[in-house]
Amino acid sequence: MAFQIVIVPYLSDNYAYIAHDLASGATAVIDVPEPGPILRELAARDWKASHILLTHHHSDHIDGVEALAAATGAFVIGAAADAHRLPPLDLAVAPGDVVRIGMQQGQVIDVPGHTIGHIAYFFPEARALFTGDSLMVMGCGRLFEGTPAQMWDTLGRLMALPDSTRVFSGHEYAATNARFALTVEPGNAVLKTRAESIDHVRAAGGFTVPATLAEERATNPFLRAALPEMKSALGMQDASDLAVFTELRSRRNGFRG
Ligand code: ZN
Ligand code: FE
C-alpha cells in the first residue's frame, strides 16, 4: 500500500499512528502522547517525521507533540478552532481543508462531541480514517464537551464514507465496547461473532484497529441507533434516532464491563 500505517500503542490503552507515503518519504504522526515510542518506530524504519496531525486537545493525545516536533522538525497541524489549547501549530486547519502528506491527501472532517473542535482526517486513496476519540472500534468517545446531537451528526458524517474505510481510533476499548454492545443487542449474530474475535485478538496481545466501516455499521451500537432492530432491542420503536443514540450513550456511561 502506498501509505504504510504503523500502529503505536501507548500508556494503558492509547494509540498513536505513523503514516508513511512510500512515493515521497513524507511521514505523518497522528497524535503524540509522548515522543519516545514514536521516535523508536521511526528510527527502526529509517523514516523521518515530516508532519504531526492532531485530532483534539486532550493531554493523552498531545503531551509529546512539542518534544517530537523539536526532535524531528515535523510540521504541526491541528484544528484552528482549538489552536488556543493545542501545542503551537505550524498550520491551523478547518473542516473541509485538505492536508497533504507527500502524495497523500487527507480531508479534515469536523467531529465534535467528545470535545468541540475535535477533527478527524480521512485519506481516501489509502481508505484510512483517523478518528481520535470520536468514532471508536465498537464505540464512540464520551461526551465531555459536546451534545448527543453533535456526536450523532458526527457519526452521520463518518458513516457517509465508503464501507471499506479503515477506522484508526485513539484508544483500545473494543473488548469493553463489545461487552456493552452485547447487553443491548444480544440477538445480533454478527456482533456475537465479532465480540469473540475481539476477545481472541486481545488475548493474543493484538490490536483491534483498524476496523472497517462495514464492520462498524453491522456491530457498533452507536452507528445503529437509526435501525428498527436497534430501536426494538431498546423498546424504543417510536423514538427518534437521536433519542435512541442518547439512550445508548447514557447506558454506556453507566456500563462497568
Ligand atoms: Zn480525548
Ligand atoms: Fe483520549
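Please read these numbers as outputs of a predicted model, since none were measured by experiment. In this chain, numbering begins with 1 at the start of the sequence shown. Computation of the quantities below employed the complete heavy-atom set of this structure, encompassing side-chain atoms and omitting hydrogens, waters and symmetry-equivalent molecules. Ligands are counted one by one from 1 in listed order, and the atoms in each one are counted from 1 as well.
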### Message
Just checking Asp46: does its CG atom have more than 12 heavy atoms from other residues, nucleotides or ligands closer to it than 6.0 angstrom?
### Response
no
### Query
Is it true that some N/O/S atom of His114, main chain or side chain, lies under 2.8 Å from the Fe ion (ligand 2)?
no
### Message
So, of the N/O/S atoms that Asp133 has, which is the nearest one to the Fe ion (ligand 2)?
### Response
OD2
### Summary
Of Lys231, Arg251, Arg179, Arg224, the one forming a salt bridge (charged side-chain N to carboxylate O under 4.0 Å, His left out) with Glu185 is Arg224
#### Entry: Test side-chain hydrogen bond (donor to acceptor under 3.5 Å, both in side chains) applied to Asp110 - qualifying residues, sequence neighbours left out
none
### Message
Parallel, tilted or perpendicular, judged at 30° and 60°: which one describes the rings of His118 and His114?
### Response
perpendicular
#### Entry: Which atom of Asp60 approaches the Fe ion (ligand 2) most closely (N/O/S)
OD2
### Task
Have a look around the Zn ion (ligand 1) and list protein N/O/S atoms under 2.8 Å, or say none.
His56 NE2, His58 ND1, His114 NE2, Asp133 OD2
### Query
How are the rings of Phe123 and Phe130 set relative to one another: parallel (under 30°), tilted (30 to 60°) or perpendicular (over 60°)?
perpendicular
### Query
Under the criterion side chain to side chain contact (heavy atoms under 4.5 Å, CB included), which of Gln107, Gln105, Gln104 is the partner of Pro124?
Gln107
### Short N/O/S contact of His171 with the Fe ion (ligand 2) (below 2.8 Å)
yes
### Message
Within the supplied structure, the quantity of interest is the number of heavy atoms (other residues, nucleotides, ligands) at a distance under 6.0 Å from His200 NE2; does it exceed 12?
### Response
no
### Query
How long is the gap from CG on Asp97 to CD1 on Ile109, to the nearest 0.5 Å?
12.0 Å
